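This report concerns only the one structure given below.
The model shown is predicted, which means the values in this text are computed figures rather than measured ones. Residue numbers count from 1 along this sequence. One-based numbering, in listed order, for ligands and for the atoms of each.
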Amino acid sequence: MALLTALILLAACTQFVKASDGCGGELARLQQQEQLLKRQLQKQELLLRSLQLMTQQGNNDAGSDRVQDTQHADCSQVYSSGFKSSGLYRIRPSGSPSAVKVYCDMTEGGGWTVLQRRVNGTEAFNRSWTEYKDGFGDLNAEFWLGNDNLHFLTTQGNYSVKINLEDFDGHQRYAEYKNFQVANEKKHYRLSFGDYVGTAGDALTGSYQVPEVKWASHQGMKFSTYDQDNDNYRGNCAQEDKGGWWFNKCHSANLNGVYYPNGHYSASTDDGVVWYPWRGWWYSLKTSIMKLRPVDYKTRLVDDQSLSFSSSSLSPRRSSVPVATGWPDAKSGEDIAARLEEEMSERGCLFLETVL
Ligand SMILES: [Ca+2]
């Protein structure tokens with residue numbers, strides 16, 4: 001915070017200097033100082049992120065234990081309670097008869113309750129109605145959270161679903177829908193969702209080609225599995241496409257399809273991990289992660305800035321790197337801010353009061 005304050009003070013004073021004959025000579029040096037401060041801030045954020053990753057596992061276990069009798073209805077509440085590390089936690093959605101163990105994704109602003117993950121094909125997704133109802137798989141790897149849990153989560157408030165996708169070339173896209181809701185089992189877990197934003201294309205409405213909407217849209221579709229056919233097709237989409245999903249006749253997205261290890265595939269039907277508007281029916285994606293968060297969730301500034309960070313991008317060299325400033329003995333952002341204020345005061349520059 002002190003560093004931010006210093007940056008703002010410096011920026012404000014730089015503007016003042018521009019208009020001040022008495023301080024004109026300091027402008028170039030101040031701008032250099034500003035850049036140095038920014039770089040130091042970035043390094044501190046990287047360090048913080050790195051430390052969070054290093055302690056993640058320990059926090060995961062502790063966090064899971066500490067919220068055994070949780071009052072948290074979802075991962076956004078877990079995050080707001082101070083648990084900022086991704087990992088396993090217990091939540092209890094409204095209407096759920098018991099606590100539910102979930103994976104909370106605390107990246108991308110934090111607070112995401114993950115409902116599905118495909119990353120390497122270790123988990124079979126061609127499962128029965130009961131298995132999709134209850135959920136299956138490994139929360140730390142590949143899994144389906146369960147249709148009952150999906151219902152409890154998405155009907156206790158207004159939720160967005162974010163779908164993160166990656167192909168085998170390392171390209172990443174996403175799709176996000178507001179008002180994502182899954183009805184109860186009596187209604188066959190009927191799916192409804194609102195407006196789309198994203199980069200992967202709007203597969204769920206099937207609106208990429210208007211004539212196809214009627215059979216390609218997943219809006220209002222019931223869930224189907226090989227042993228419970230609720231689709232609009234004369235045959236059985238779930239059986240043909242080998243996974244449970246909100247099939248229509250049959251799909252323009254099927255993220256629970258067969259995991260093909262090389263992307264492009266040949267089969268008698270389009271049964272891969274498909275998101276049609278991005279890679280088409282005959283490309284099976286490498287990664288699919290679906291996660292939920294309340295629509296009105298407020299993202300946090302620092303975590304938004306960490307969006308582009310991945311563990312591989314973090315430098316293993318976490319020793320403090322001396323920052324070259326005009327005050328070589330300054331040890332911290334507070335020191336730099338104090339020195340800056342002192343020096344500018346001596347030079348007759350006015351400081352603007354800044355409230356963060
Ligand atoms: Ca059918």
Practice problem: Could you pull out the atom name of the N/O/S atom in Asp229 that is nearest the Ca ion (ligand 1)? | Solution: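 When I compare the N, O and S atoms of Asp229, OD2 is nearest to the Ca ion (ligand 1).
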Kindly determine whether Tyr233 and Phe247 satisfy ring-ring contact (aromatic ring centres under 6.0 Å, His included), including the steps that lead there. CA-CA 9 Å; Tyr233 174 49; Phe247 289 109; 9.5 Å; no
Any side-chain donor paired with an acceptor under 3.5 Å for Asp148 and Tyr189?
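A donor-acceptor contact under 3.5 Å links the two side chains.
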#### Entry: Exercise: do Asp202 and Tyr177 side chains pair donor with acceptor under 3.5 Å
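There is such a pair (donor and acceptor under 3.5 Å, judged by atom type) between the side chains of Asp202 and Tyr177.
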| query | Do Tyr283 and His264 have ring centres separated by under 6.0 Å? | reply |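 Yes, ring centres under 6.0 Å apart.
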Heteroatom N/O/S of Gly235 within less than 3.0 Å of the Ca ion (ligand 1) =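 Gly235 does place an N, O or S atom closer than 3.0 Å to the Ca ion (ligand 1).
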What angle, to the nearest 10°, do the atoms O (Tyr233) and OD1 (Asp231) form about the Ca ion (ligand 1)?
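Taking the Ca ion (ligand 1) as the apex, I get 90° for this pair.
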